[in-house]
Amino acid sequence: MNTPTVLTVIAKPGPVTTPTTEPYWKHADRGELWIQKCLSCNSYQHYPSGMCRRCWSEDLAWHRAQGTGTVWTFTVVGKPGHPAWERDTPYILALVELDEGPRMMTNIVDCNPETVFVGQRVRLAPRASESAQPPLQFHSKTTLCDPDNGRTSP
C-alpha cells in the first residue's frame with residue numbers, strides 16, 4: 001500500500017536583530033536600503049557594525065543607498081541550504097557591489113537565470129514576502145532581463 005507524501009511548508013527564518021542592525025531592518029521593512037557611512041573617513045559599509053571597517057572609528061551614520069549596483073558574482077541555486085526556500089528554486093543568489101562601494105548578498109529577481117552575468121547593472125526591487133525577513137532583492141535595470149544589459153562592445 002502506497003502512503004501519500006505530504007509536503008510541509010516550512011517558514012523562512014527571519015532576521016536576528018541586534019541594536020546595531022535594528023535601523024537596517026527597520027528601513028528594510030519599508031523597502032529601503034540603508035547603509036552605514038563613517039564620518040571620519042567617509043567610507044560606506046554594509047553589513048552594519050559598531051565601528052568602521054576601514055579606520056575603526058565608531059563615528060558612524062546611516063545613509064539611504066541609491067539602490068543601484070553591479071553584479072559582482074552570482075550562482076543559480078537549484079538545491080537550497082534550507083528547506084524553506086525549496087519552492088523558490090531555481091533562484092539567483094548574487095553578490096552585488098552597491099554604487100556606494102560596499103557589497104551585499106542578495107537575490108536577482110524577475111530574471112531568467114541564463115541571462116544574468118557578472119557586471120550586469122541592477123536596482124533595488126523590494127517585495128512583500130511571507131517571511132518575517134524583508135527581502136531587499138534586486139532586478140535588472142532594464143525592464144526585461146536583457147542579456148546585453150550593461151555589456152560594452154569590445
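Note that the numbering runs from 1 along the sequence shown for the chain.
If you take OG on S40 and CD on E58, they are separated by 10.0 Å, rounding to the nearest 0.5 Å. Atom CG of L39 is separated from atom CG of D59 by 4.5 Å, given to the nearest 0.5 angstrom. In this structure, OG1 on T75 lies 9.5 Å from OH on Y91, to the nearest 0.5 angstrom.
Here the closest heavy-atom approach between residue F138 and residue M104 is recorded as CE1-SD, 3.9 Å. The two residues Y24 and L33 have their closest heavy-atom pair at CE1-CD1, 3.8 Å. The shortest non-hydrogen separation linking H46 to P102 is N-CB, 3.7 Å. Across all non-hydrogen atoms, the minimal contact from I35 to E100 is CD1-CB, 3.7 Å. Looking at every heavy atom in both residues, M105 comes nearest to L95 through N-CD1, 3.9 Å. Residues V118 and F74 share a closest heavy-atom pair of N-CE2, 3.9 Å.
Look at R121 and D99 and you find a salt bridge, because one of the NZ, NE, NH1 or NH2 atoms lies within 4.0 Å of a carboxylate O, short of that distance.
Between H27 and W34, the ring planes are parallel. Angles under 30° get that label, and only those over 60° would be called perpendicular.
A donor-acceptor pair under 3.5 Å is formed between the side chain of N112 and the backbone N or O of E114.
Counting heavy atoms from C-beta outward, T89 and P80 have side chains that approach closer than 4.5 Å. A heavy-atom distance below 4.5 Å is found between the side chains of Q120 and S140. Side-chain contact between I10 and E86: absent, with no pair of heavy atoms (C-beta onward) separated by less than 4.5 Å. Taking the side chain as every heavy atom from C-beta outward, T106 and L124 never approach each other to under 4.5 Å. Here the side chains of C41 and C52 are in contact, with some heavy-atom distance below 4.5 Å. At least one side-chain heavy atom of Q36 sits less than 4.5 Å from a side-chain heavy atom of W62.
Linking ILVMFWY residues whenever their side-chain heavy atoms come closer than 4.5 Å, directly or via other members, leaves L98 and L60 in distinct clusters.
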